[in-house]
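When a residue number appears, it is its place in the shown sequence, counting from 1.
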Amino acid sequence: MGRGKTEMRRIENATSRQVTFSKRRNGLLKKAFELSVLCDAEVALIVFSPRGKLYEFASSSMQETINRYMAHSKNINIEKRMPEQNAQQLKLEVAAMAKKIELLEGYKRKLLGESLGSCSMFELHEIESQLEKSLTIIRGKKHHMLAEQIAELKEKEKTLTEENLVLRHKAEFSLELNENREFVENDETGEEDIEVETELFIGRPGSRRQCNINA
């Protein structure tokens with residue numbers, strides 16, 4: 001017949017409690033040793049008896065294992081706190097950004113001449129100075145753009161003038177060439193129309209009869 005299930009509660013009898021502690025302590029230390037050997041695990045076990053006596057087991061160095069545990073626990077705590085800290089930081093940044101946007105929107109309305117009833121004389125003077133400064137910048141930009149456009153138009157005018165001059169020279173040269181060609185053709189036609197008279201004598205000398213032949 002097997003043993004009955006042990007009820008998990010404090011043993012009231014001091015002698016029984018001490019015997020149970022000794023047995024289970026030894027079993028726990030044995031299990032820790034077996035775990036470190038069989039599984040190549042780093043194991044550290046610390047047990048204090050009811051009277052405060054220390055029992056420990058470490059597969060390597062107890063202090064190194066404790067330091068490793070402390071560093072690991074610290075990293076876990078930092079990782080747990082980081083999402084909360086990040087969320088809080090994001091809330092603060094969003095609130096600050098919303099405040100800046102609200103101030104900028106209000107300043108924009110004032111620049112447009114709206115919501116000026118709550119402005120002091122100093123604020124009105126600041127708005128006026130800002131508008132004058134902005135107007136000066138706008139005018140300067142406008143004049144700069146006009147100067148660039150004028151320079152561009154002048155450059156185009158110069159280019160068109162040069163192209164027009166080239167075309168004019170070509171037209172004049174072509175006209176002169178045509179006139180010379182017409183003059184040469186007319187001159188050749190006039191030479192063909194000139195009549196050439198040739199004397200032809202027929203018969204013996206002394207009794208020749210003259211005939212005129214027009215060429």
Side-chain angles (χ1 to χ4, degrees), residues 8-10 28 31-32 35-36 38-48 52 54-173:
M8 286 293 103
R9 65 182 181 87
R10 183 176 181 270
L28 182 61
K31 291 293 183 183
L35 180 64
S36 65
L38 295 175
C39 301
D40 194 22
E42 183 178 356
V43 180
L45 175 64
I46 298 175
V47 179
F48 286 96
L54 172 65
Y55 300 90
E56 65 180 48
F57 167 79
S59 59
S60 56
S61 169
M62 176 64 72
Q63 189 60 47
E64 290 180 0
T65 303
I66 291 175
N67 292 338
R68 183 179 179 183
Y69 168 77
M70 295 297 294
H72 183 71
S73 299
K74 183 178 179 181
N75 292 334
I76 292 177
N77 293 332
I78 291 174
E79 291 175 358
K80 288 181 178 179
R81 288 196 300 268
M82 282 182 63
E84 298 178 358
Q85 293 176 352
N86 291 339
Q88 186 65 25
Q89 183 66 26
L90 287 175
K91 288 181 181 179
L92 294 175
E93 291 179 359
V94 169
M97 186 64 65
K99 186 65 176 178
K100 289 181 179 180
I101 292 174
E102 182 180 357
L103 293 174
L104 289 173
E105 289 290 340
Y107 190 69
K108 176 183 175 182
R109 288 193 296 270
K110 290 176 181 179
L111 289 175
L112 295 175
E114 303 174 359
S115 304
L116 298 177
S118 60
C119 294
S120 63
M121 183 62 68
F122 176 77
E123 290 176 337
L124 291 174
H125 179 70
E126 287 293 324
I127 293 172
E128 183 182 9
S129 299
Q130 182 62 43
L131 289 173
E132 290 177 353
K133 186 184 297 183
S134 300
L135 186 59
T136 301
I137 294 174
I138 292 171
R139 286 174 176 170
K141 181 64 176 178
K142 179 182 177 181
H143 291 161
H144 179 70
M145 292 179 66
L146 287 175
E148 288 183 346
Q149 291 179 359
I150 291 173
E152 184 178 354
L153 290 174
K154 287 184 177 180
E155 186 66 24
K156 288 182 178 179
E157 181 185 9
K158 179 181 178 182
T159 302
L160 291 174
T161 301
E162 292 175 353
E163 292 178 354
N164 189 26
L165 184 61
V166 172
L167 291 174
R168 182 183 299 174
H169 289 164
K170 288 183 178 180
E172 292 177 353
F173 178 76

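- In this structure, Leu45 and Lys31 have side chains that are not in contact, with every pair of non-hydrogen atoms separated by 4.5 Å or more.
- Distance OG/Ser61 to CG/Asn67: 8.0 Å, rounded to 0.5 Å.
- Evaluation of the salt bridge (charged side-chain N to carboxylate O under 4.0 Å, His left out) test over residues 127-137, restricted to residues two or more places apart or in two chains, returns none.
- To the nearest 0.5 Å, atoms CD (Glu155) and CG (Leu160) are separated by 10.5 Å.
- Rounding to the nearest 0.5 Å gives a distance of 10.0 Å between CE of Met70 and CD of Gln63.
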- For side chain to side chain contact (heavy atoms under 4.5 Å, CB included), just list the numbers for Glu93 and Leu90, CA-CA rounded to whole Å, side-chain angles, deciding distance to a tenth of an Å, and then say yes or no. CA-CA 5 Å; Glu93 291 179 359; Leu90 287 175; 4.0 Å; yes
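- Shortest non-hydrogen contact noted between Ala44 and Met62 is CB-SD, 3.8 Å.
- Counting only distance, with no hydrogens or angles, the side chain of Ser36 and the backbone of Val43 share no donor-acceptor pair below 3.5 Å.
- For residues 94-108, there are no salt bridge (charged side-chain N to carboxylate O under 4.0 Å, His left out) pairs, not counting sequence neighbours.
- Within the structure, salt bridge (charged side-chain N to carboxylate O under 4.0 Å, His left out) contacts touching residues 134-154 (residues at least two apart or in different chains) are Glu152-Lys156.
- Counting heavy-atom neighbours within 6.0 Å of Glu64 CD, excluding the residue itself, gives a total of 12 or less.
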- Yes or no on side-chain hydrogen bond (donor to acceptor under 3.5 Å, both in side chains) for Thr65 and Glu42, after CA distance, side-chain angles and deciding distance? CA-CA 8 Å; Thr65 303; Glu42 183 178 356; 2.8 Å; yes
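- A heavy-atom distance below 4.5 Å is found between the side chains of Ile46 and Leu54.
- Residue Asn164 qualifies as enclosed at atom CG: its count of foreign heavy atoms under 6.0 Å is above 12.
- Side chains of Leu165 and Glu162 form no contact here, defined as non-hydrogen atoms less than 4.5 Å apart.
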